[in-house]
Amino acid sequence: MALGTSHRLQDGIEAVETMTRFALAILALASGVYTYLGVRSILDGSATAVFFAALIYSSAVSVAIYAFWTYMARFYPHVTGTGGRAAMLGVMALGCAMIIAMSSWLNAAALAGSAALEQHLAETLEDYTADLDQAHQNALAAQSLLPDIQRTQERFQRLADQERETGALTGTTGAGSVVQLLSQMASQLTELENGINASRERVTTLFDEGRKHLETMRTLVSAPGAINPRADQFAAEVVGLSGVITSLEQTSIAPSVKRAAEDLSLGFIAPVADGREADLATRQDQVMETIRSSVAAQSKVLSQAADQILERKPVAERRFVPLSSAEAVLRYAGDFIPSWAGAISIDILPAVLIFMLSIVHSTLRRQEQRLPFADRFTAAELLQALEVQREIQRHGVDLQTAVEAAEHTETADQSNVANFDLSGKGPRKGPPA
């Protein structure tokens, strides 16, 4: 029963030998084709030079892969020693690493290069979208000061009107020094309010322009067709969007608000009391001093609020770096694990076939070792042994003496080769057909 199993295993090994060679050739060819596509995506130069360079490289890769796995399939299953097996496994691991380095990543670039470039463009789009939003928020931050400025301006204007009409502050109606000072403060705050409103219109215009760039970039990321032309147009849109973001950063009105707030107190110039009576002039001086204190307090509040806006983190400078398909596959390898698995499997699949052959050969050797000697001795080997016996007897050599001499020589020389003196005859031949 065991002998029949051994024969079937041996027949199976011989039957799949041609298929194994065919499979190795097809896998090597497939790897070469995808390597060719990957190499073309990273080479620069004329179309002819790129074609021949990629063709030569991919051909060398195909030959190297086929030769390596052919050698492994031929030798590894027949190495039985532990040290030899370990050495062959080390050679196999080194060869696999070299194949992945010279072929698999290029195969992955051919399989997933376009998708990886689209991934790169998509992530770049997200980054620039966040930058535009941040720049827009920084530019509009000064708008939060507008209600306080309007409220202070209205208060000064209301006090000026009340002083002019009813003398609410000095007790004397008319447009005197106090009315003039209050109107002056209200006018400065009105100018500051107009500046913030004008800045808001400019910020809105720039933000709308930036959104148009983003819409175009978003369309380029998801559009069908070749990726390289879309990437070039995407880079042009990035340049325009970067200019918009820079303009938004420079459009912030916060520095102007801070300077205007400081000018309210530092540049405060109170007019001389114009009251004809000493008592009125004294009341005017007291009111103008009160106004000075109020203006100083309001100036401090506005200046602190402007400082908080200026302390906001500015938009970091960003530069778009175009990538080749091979570089994109390496950078975003974690997002394309199936493509990497397919690319590597094309190159490493022969290792599975070799391990299968190794297991079959190992099983065959174990079964043959358990067989009786008579079952392991084939008819051809029997005929060869009989031919050797007849040849020895024809030359007058005693077989028993020759065996004893061979055993003695083996013991003395520690050699596994018996030296039979066959009177200068050459190596023995098999039985005639």
Side-chain angles (χ1 to χ4, degrees), residues 41-42 108-109 111-147 195-257 305-340:
S41 67
I42 62 176
L111 291 172
S114 298
L117 283 177
E118 289 183 352
Q119 177 77 9
H120 178 58
L121 298 184
E123 293 198 3
T124 302
L125 175 62
E126 293 179 1
D127 294 338
Y128 276 101
T129 300
D131 289 347
L132 180 63
D133 291 338
Q134 183 181 354
H136 183 236
Q137 293 174 4
N138 291 345
L140 289 180
Q143 303 295 324
S144 62
L145 302 177
L146 193 58
I196 293 177
N197 289 329
S199 172
R200 179 169 56 190
E201 296 177 359
R202 172 64 175 165
V203 169
T204 301
T205 301
L206 289 173
F207 184 65
D208 291 340
E209 182 180 352
R211 287 193 301 178
K212 291 180 180 178
H213 285 293
L214 289 177
E215 290 175 0
T216 304
M217 293 163 65
R218 192 173 293 108
T219 301
L220 292 172
V221 170
S222 58
I227 187 61
N228 290 329
R230 287 187 284 145
D232 293 338
Q233 190 175 354
F234 186 92
E237 294 294 331
V238 165
V239 174
L241 180 58
S242 298
V244 172
I245 293 174
T246 302
S247 298
L248 280 174
E249 287 287 292
Q250 297 174 352
T251 305
S252 176
I253 197 67
S256 178
V257 171
D307 286 336
Q308 293 178 357
I309 296 174
L310 293 174
E311 289 175 357
R312 296 170 67 96
K313 184 179 179 180
V315 177
E317 183 178 357
R318 190 181 303 278
R319 186 168 63 92
F320 173 65
V321 180
L323 299 177
S324 66
S325 58
E327 292 172 330
V329 166
L330 290 177
R331 174 174 294 188
Y332 302 102
D335 297 327
F336 298 97
I337 293 178
S339 298
W340 273 97

Original post:
Can you check whether Leu220 reaches Leu121 side chain to side chain, under 4.5 Å on heavy atoms?
Top reply: no

Original post:
ring-ring contact (aromatic ring centres under 6.0 Å, His included): which pairs involve residues 212-242, sequence neighbours left out?
Top reply: Phe234-Phe320

Original post:
Within the distance-only criterion (no hydrogens, no angle test), does the side chain of Asn138 pair as donor or acceptor with the backbone N or O of Lys313 below 3.5 angstrom?
Top reply: yes

Subject >> Pair Gln119-Glu123, side-chain donor/acceptor within less than 3.5 Å >> reply: yes

**OP:** Nearest 0.5 Å please: distance from the CD atom of Glu327 over to the CG atom of Leu117.
**Re:** 9.5 Å

Original post:
Any donor and acceptor pair, going by atom type alone, linking the side chain of Arg230 with main-chain N or O of Val221 inside 3.5 Å?
Top reply: yes

Subject >> Under 3.5 Å: donor-acceptor pair, side chain of His120, backbone of Val321 >> reply: yes

Original post:
Got a second to check how far Leu241's CG is from Met217's CE, nearest 0.5 Å?
Top reply: 5.5 Å

Subject >> Steps toward side-chain contact (heavy atoms from CB on, under 4.5 Å) verdict (Val238, Tyr128) >> reply: CA-CA 8 Å; Val238 165; Tyr128 276 101; 3.3 Å; yes

Original post:
Quick one: does Val329's side chain get under 4.5 Å of Trp340's, heavy atoms only?
Top reply: yes

**OP:** Please examine the side chains of Thr129 and Arg218, heavy atoms only from C-beta on, and report whether any two atoms are closer than 4.5 Å.
**Re:** yes

Original post:
Of the non-hydrogen atoms in Ser325 and Gly113, which two are nearest, and what is the gap between them?
Top reply: CB-CA, 3.6 Å

**OP:** Quick one: pull up OG in Ser114 and CG in Asn228 and give me the separation to the nearest 0.5 Å.
**Re:** 7.5 Å

Can you give me every donor-acceptor pair (side chain of residues 201-209, partner residue at least two apart or in another chain, under 3.5 Å) with its distance?
residue	atom	partner	partner atom	Å
Thr204	OG1	Arg200	O	2.8
Thr205	OG1	Glu201	O	3.0
Asp208	OD1	Arg211	NH2	2.7

**OP:** Working to the nearest 0.5 Å, report the span between CG of Leu323 and CD1 of Ile42.
**Re:** 13.0 Å

Original post:
If you measure from CD on Glu317 to OG on Ser242, what distance do you get to the nearest 0.5 Å?
Top reply: 8.5 Å

Original post:
Looking only at heavy atoms, which two atoms of Ala112 and Phe336 are closest? And how far apart?
Top reply: CB-CD2, 4.0 Å

Subject >> Rounded distance (nearest 0.5 Å) linking atom CD of Gln250 with atom CD1 of Ile245 >> reply: 12.5 Å

